[in-house]
Amino acid sequence: VQLVESGGGLVQAGKSLRLSCAASGIIFSDYTMHWYRQAPGEQRELVATIEPAGTTTYADPVKGRFTISRDNAKETVYLQMNSLKAEDTAVYYCNAHLMFRYWGQGTQVTVSS
């Protein structure tokens with residue numbers, strides 16, 4: 001199983017980024033997909049979830065700014081991040097969850113104020 005994140009980088013506050021996570025080795029359409037993030041010195045926190053049927057949920061700090069989506073044909077999950085804030089700075093991780101959990105290696109997002 002492999003989850004490969006991409007799309008992170010350095011961006012100014014107020015700008016946007018789109019993260020991608022390409023999955024292989026799993027039946028992607030069966031899995032609930034999550035995005036987590038971990039800031040320096042902080043615990044990893046759940047950011048957004050998309051279920052196999054497409055239902056989405058968001059953490060309060062990102063509601064209205066972030067959008068999670070999935071393309072089952074491409075076996076990829078996305079996180080569109082708009083109106084970025086300095087406090088969004090973190091390593092963002094993709095997670096696939098069914099009976100087991102699989103993690104990507106993470107992608108750094110740095111938002112300068």
Side-chain angles (χ1 to χ4, degrees):
V1 177
Q2 205 170 17
L3 300 175
V4 180
E5 299 101 334
S6 61
L10 173 63
V11 66
Q12 288 183 327
K15 301 296 186 181
S16 299
L17 278 176
R18 189 175 83 153
L19 306 183
S20 300
C21 170
S24 59
I26 59 173
I27 302 174
F28 181 79
S29 58
D30 286 347
Y31 278 71
T32 295
M33 300 300 296
H34 309 278
W35 284 99
Y36 284 77
R37 67 185 181 186
Q38 188 167 19
E42 302 288 335
Q43 289 190 335
R44 193 171 295 190
E45 64 174 354
L46 179 62
V47 174
T49 297
I50 186 164
E51 297 179 6
T55 303
T56 58
T57 55
Y58 298 93
D60 285 344
V62 307
K63 281 182 182 176
R65 299 189 298 122
F66 289 12
T67 303
I68 188 171
S69 61
R70 65 192 299 159
D71 185 333
N72 289 338
K74 295 183 178 179
E75 298 184 314
T76 300
V77 62
Y78 304 97
L79 186 67
Q80 177 67 42
M81 305 186 294
N82 298 330
S83 302
L84 282 161
K85 304 175 182 181
E87 50 263 45
D88 295 319
T89 295
V91 178
Y92 283 72
Y93 297 91
C94 174
N95 173 268
H97 179 209
L98 187 55
M99 292 181 64
F100 304 102
R101 285 188 179 271
Y102 301 102
W103 292 92
Q105 82 288 351
T107 186
Q108 176 70 48
V109 172
T110 303
V111 184
S112 63
S113 56

Query raised in the report: When you measure from the side chain of Glu5 to the backbone N and O of Gln105, does any donor-acceptor pair fall under 3.5 Å?
Result: yes
Query raised in the report: Is the side chain of Arg70 donor-acceptor paired with the backbone N or O of Phe28 at a distance under 3.5 Å, no angle test?
Result: yes
Query raised in the report: For Thr67 and Tyr58, what are the C-alpha separation, side-chain angles and deciding distance, and is it a side chain to side chain contact (heavy atoms under 4.5 Å, CB included)?
Result: CA-CA 8 Å; Thr67 303; Tyr58 298 93; 3.8 Å; yes
In this structure, would [X] and [Y] fall into the same cluster of hydrophobic residues linked by side-chain contacts under 4.5 Å?
X: Val11; Y: Trp35; answer: yes
X: Val91; Y: Val62; answer: no
X: Ile27; Y: Val1; answer: no
X: Tyr36; Y: Tyr31; answer: no
X: Phe100; Y: Val4; answer: no

Atom pair [atom1]/[atom2] of [X] and [Y] - distance to nearest 0.5 Å:
X: Ile26; Y: Leu3; atom1: CD1; atom2: CG; value: 6.0 Å
X: Met33; Y: Cys94; atom1: CE; atom2: SG; value: 3.5 Å
X: Ser24; Y: Glu75; atom1: OG; atom2: CD; value: 7.5 Å
X: Ile50; Y: Thr55; atom1: CD1; atom2: OG1; value: 8.0 Å
X: Glu51; Y: Thr57; atom1: CD; atom2: OG1; value: 7.0 Å
X: Gln80; Y: Ser20; atom1: CD; atom2: OG; value: 9.5 Å

[Y] and [X] side chains, donor-acceptor separation under 3.5 Å:
X: Thr110; Y: Gln108; value: yes
X: Tyr92; Y: Arg37; value: yes
X: Thr32; Y: His97; value: no
X: Arg101; Y: Asn95; value: yes
X: Asp71; Y: Thr76; value: no

Report task. Please examine the side chains of Gln12 and Val111, heavy atoms only from C-beta on, and report whether any two atoms are closer than 4.5 Å. Result -> no
Report task. Could you go through the side chain to side chain contact (heavy atoms under 4.5 Å, CB included) check for Arg18 and Leu79 one step at a time? Result -> CA-CA 6 Å; Arg18 189 175 83 153; Leu79 186 67; over 6 Å; no
**Report entry** Pair Phe66-Asn82, side chain to side chain contact (heavy atoms under 4.5 Å, CB included): steps then yes or no
**Finding:** CA-CA 6 Å; Phe66 289 12; Asn82 298 330; over 6 Å; no
For the residue pair [X] and [Y], what are the closest heavy atoms and their distance?
X: Ala39; Y: Ala90; value: N-CB, 3.8 Å
X: Ser83; Y: Ser16; value: N-OG, 4.3 Å
X: Pro52; Y: Ser29; value: CB-O, 3.3 Å
X: Gly7; Y: Leu17; value: O-CD2, 3.7 Å

Query - Thr49/Ile68 under side chain to side chain contact (heavy atoms under 4.5 Å, CB included): CA gap, chis, key distance, verdict - result: CA-CA 7 Å; Thr49 297; Ile68 188 171; 5.5 Å; no
Query raised in the report: Do the rings of Tyr93 and Trp103 sit parallel, tilted or perpendicular, given the 30° and 60° boundaries?
Result: perpendicular
Query - Step-by-step salt bridge (Lys or Arg N to Asp or Glu O under 4.0 Å) determination, Asp88 to Lys85 - result: CA-CA 5 Å; Asp88 295 319; Lys85 304 175 182 181; over 6 Å; no
**Report entry** Atom CG of Leu10: over 12 foreign heavy atoms under 6.0 Å
**Finding:** yes
